[in-house]
Amino acid sequence: MSYERPNIRDMQGYAFGEQPAQQRVIKLNTNENPYPATAAVASALAGLSVDQLRRYPQPFANGFRDVAAASHGLSRDNIIATNGGDELLRLAITTFVDVGQTLGMAEPSYSLYPVLAAIQGCQVCRIPLLDDWALPDDFADQLNRADVRLAFVVNPHAPTGTLLPVSRLREIARTFRGVLVIDEAYVDFIEPDQAYDAVPLVKEFDNVLLLRTMSKGYSLAGLRFAYGIGSAELLAPMLYKTRDSYNTDAFSQVLAAAALAAKDEAAVGWAKVRSERLRLAERLRELGFDVLPSQSNFLLATVPHGASQPGDELARTLYLGLKDQGILIRYFDQPRLSDKLRITVGTVEENDTLLSALKQLLKSQ
């Protein structure tokens with residue numbers, strides 16, 4: 001006998017990227033930072049005591065919120081700390097979208113969005129990206145026509161790595177009648193010359209919620225810590241009503257605060273990733289891949305044309321061939337992506353190993 005709600009019974013869960021137990025694997029599949037967390041984080045970790053675990057953590061992570069607020073020129077009331085970015089996504093849905101109402105997203109996008117919608121029992125309005133992976137000009141109008149209550153926009157986009165300018169986000173926020181969640185999980189890898197900064201939008205609009213995570217840019221994926229930025233009125237129901245009690249632990253609050261306070265130190269790693277991103281893209285193009293320009297820490301590469309097998313078959317063959325050699329990348333068996341591979345930017349050595357393996361695999365086709 002099943003005790004599940006019907007929507008839970010009928011849904012599919014999130015498909016995680018592979019996380020092998022063995023250490024001798026080159027992991028270029030889940031967009032983790034190839035470099036360790038900063039010395040400031042290591043120092044903060046060394047200063048923690050097991051005795052601190054006897055007591056509950058600060059309920060609102062106020063120490064971290066103060067650091068984040070200072071970093072962005074805001075107040076504590078503009079920051080909410082969460083147990084990873086995924087908790088913030090779930091909070092936004094459960095707070096702003098009722099059962100049977102509609103959530104909006106671009107297609108393709110982060111595959112967790114529809115999973116969370118199914119859990120909540122709400123509908124999903126999927127708006128296809130254009131052939132060049134851009135949002136349609138009438139994106140906000142389409143959301144409004146579908147009576148969407150909350151919409152997700154990943155920027156830089158996943159899985160393509162493309163970037164919307166702040167001016168475009170501003171247009172969407174002004175036109176859209178619901179809550180606009182701008183998922184900035186990869187924001188730290190944007191080229192500085194883009195002069196990208198969406199934080200002022202939370203001062204201009206009361207319907208904008210920015211998602212920031214410590215997982216990518218700050219090398220703390222194992223910590224599960226993120227935060228949202230928005231108007232005090234927008235965050236208040238999540239902070240004081242729908243958020244779990246003690247949703248972030250005592251140690252993660254300290255380490256996340258130390259990481260964010262040492263932003264300049266973390267930025268050294270971001271520059272390395274950007275440099276390797278450029279080199280890796282060039283080398284992949286030399287092998288015949290069509291690589292989209294990326295402002296993230298990954299590349300979306302279409303497999304070479306003219307091979308002895310269709311693109312979707314070749315992409316899967318390369319994915320499996322690399323996996324056999326202990327090199328993990330991401331393959332998506334879904335429309336518009338099945339002839340492509342998403343590759344996280346690794347260290348110089350990791351990327352060179354990947355390129356050498358790809359070259360040999362392509363020769364054998």
Open item on the list: Strictly distance-based, threshold 3.5 Å: is any side-chain N or O of Thr344 a donor or acceptor partner for the main-chain N or O of Asn31?
Closed with: yes

Open item on the list: Parallel, tilted or perpendicular, judged at 30° and 60°: which one describes the rings of Tyr227 and Phe64?
Closed with: perpendicular

- [ ] Inspect the contact between Glu204 and Arg170 and indicate whether a charged nitrogen and a carboxylate oxygen are less than 4.0 angstrom apart.
- [x] yes

Task: Distance-only donor-acceptor check, side chains Tyr218 and Asn33, under 3.5 Å - done: no

Task: Backbone of Val124 reached by a side-chain donor or acceptor of Thr102 within 3.5 Å - done: no

- [ ] Take atom CZ of Arg145 as the centre, draw a 6.0 Å sphere, and report whether it contains more than 12 heavy atoms from other residues, nucleotides or ligands.
- [x] yes

- [ ] Spell out, as yes or no, whether a donor-acceptor pair under 3.5 Å connects the side chain of Arg277 to the backbone of Ser296.
- [x] yes

- [ ] Please identify each residue that fulfils salt bridge (charged side-chain N to carboxylate O under 4.0 Å, His left out) with Glu276, with sequence neighbours left out.
- [x] Arg279

- [ ] Keeping the roles fixed (side chain from Glu87, backbone from Gly84), state whether a donor-acceptor pair exists under 3.5 Å.
- [x] no

Task: Backbone of Val345 reached by a side-chain donor or acceptor of Asn297 within 3.5 Å - done: no

Open item on the list: Less than 3.5 Å apart, any donor N or O on the side chain of Asp290 or Thr302 sitting next to an acceptor on the other?
Closed with: no

Open item on the list: Using the rule given for side chain to side chain contact (heavy atoms under 4.5 Å, CB included), can you reason through Leu28 versus Glu350, listing the C-alpha separation, both sets of side-chain angles and the distance that settles it, and then say yes or no?
Closed with: CA-CA 9 Å; Leu28 305 176; Glu350 289 172 334; 4.2 Å; yes

Open item on the list: Treating Gln295 as the side-chain partner and Glu191 as the backbone partner, does any N or O pair qualify as donor plus acceptor under 3.5 Å?
Closed with: yes

TODO: For Arg316, look at atom CZ and say whether over 12 heavy atoms of other residues, nucleotides or ligands are found less than 6.0 Å away.
DONE: no

Open item on the list: Counting only heavy atoms from other residues, nucleotides and ligands, does the tally under 6.0 Å from CZ of Arg90 exceed 12?
Closed with: no

- [ ] State plainly whether the residues Glu4 and Arg9 are in salt-bridge range, i.e. N to O under 4.0 Å.
- [x] no

Open item on the list: With a 3.5 Å distance limit and no angle check, can you tell me whether Asp249 reaches the backbone of Ser252 through a side-chain donor-acceptor pair?
Closed with: yes

TODO: Considering only NZ, NE, NH1 and NH2 on the basic side and carboxylate oxygens on the acidic side, decide whether Glu18 and Lys323 come within less than 4.0 Å.
DONE: yes

Task: Tyr246 and Asn83: side chain donor to acceptor below 3.5 Å - done: no

- [ ] For Asp131, look at atom CG and say whether over 12 heavy atoms of other residues, nucleotides or ligands are found less than 6.0 Å away.
- [x] no

Open item on the list: Is the distance between the ring centroids of Tyr186 and Phe189 under 6.0 Å?
Closed with: no

Open item on the list: Within this structure, what is the CG-CZ distance for the pair Leu169 and Arg174, rounded to the nearest 0.5 Å?
Closed with: 11.5 Å

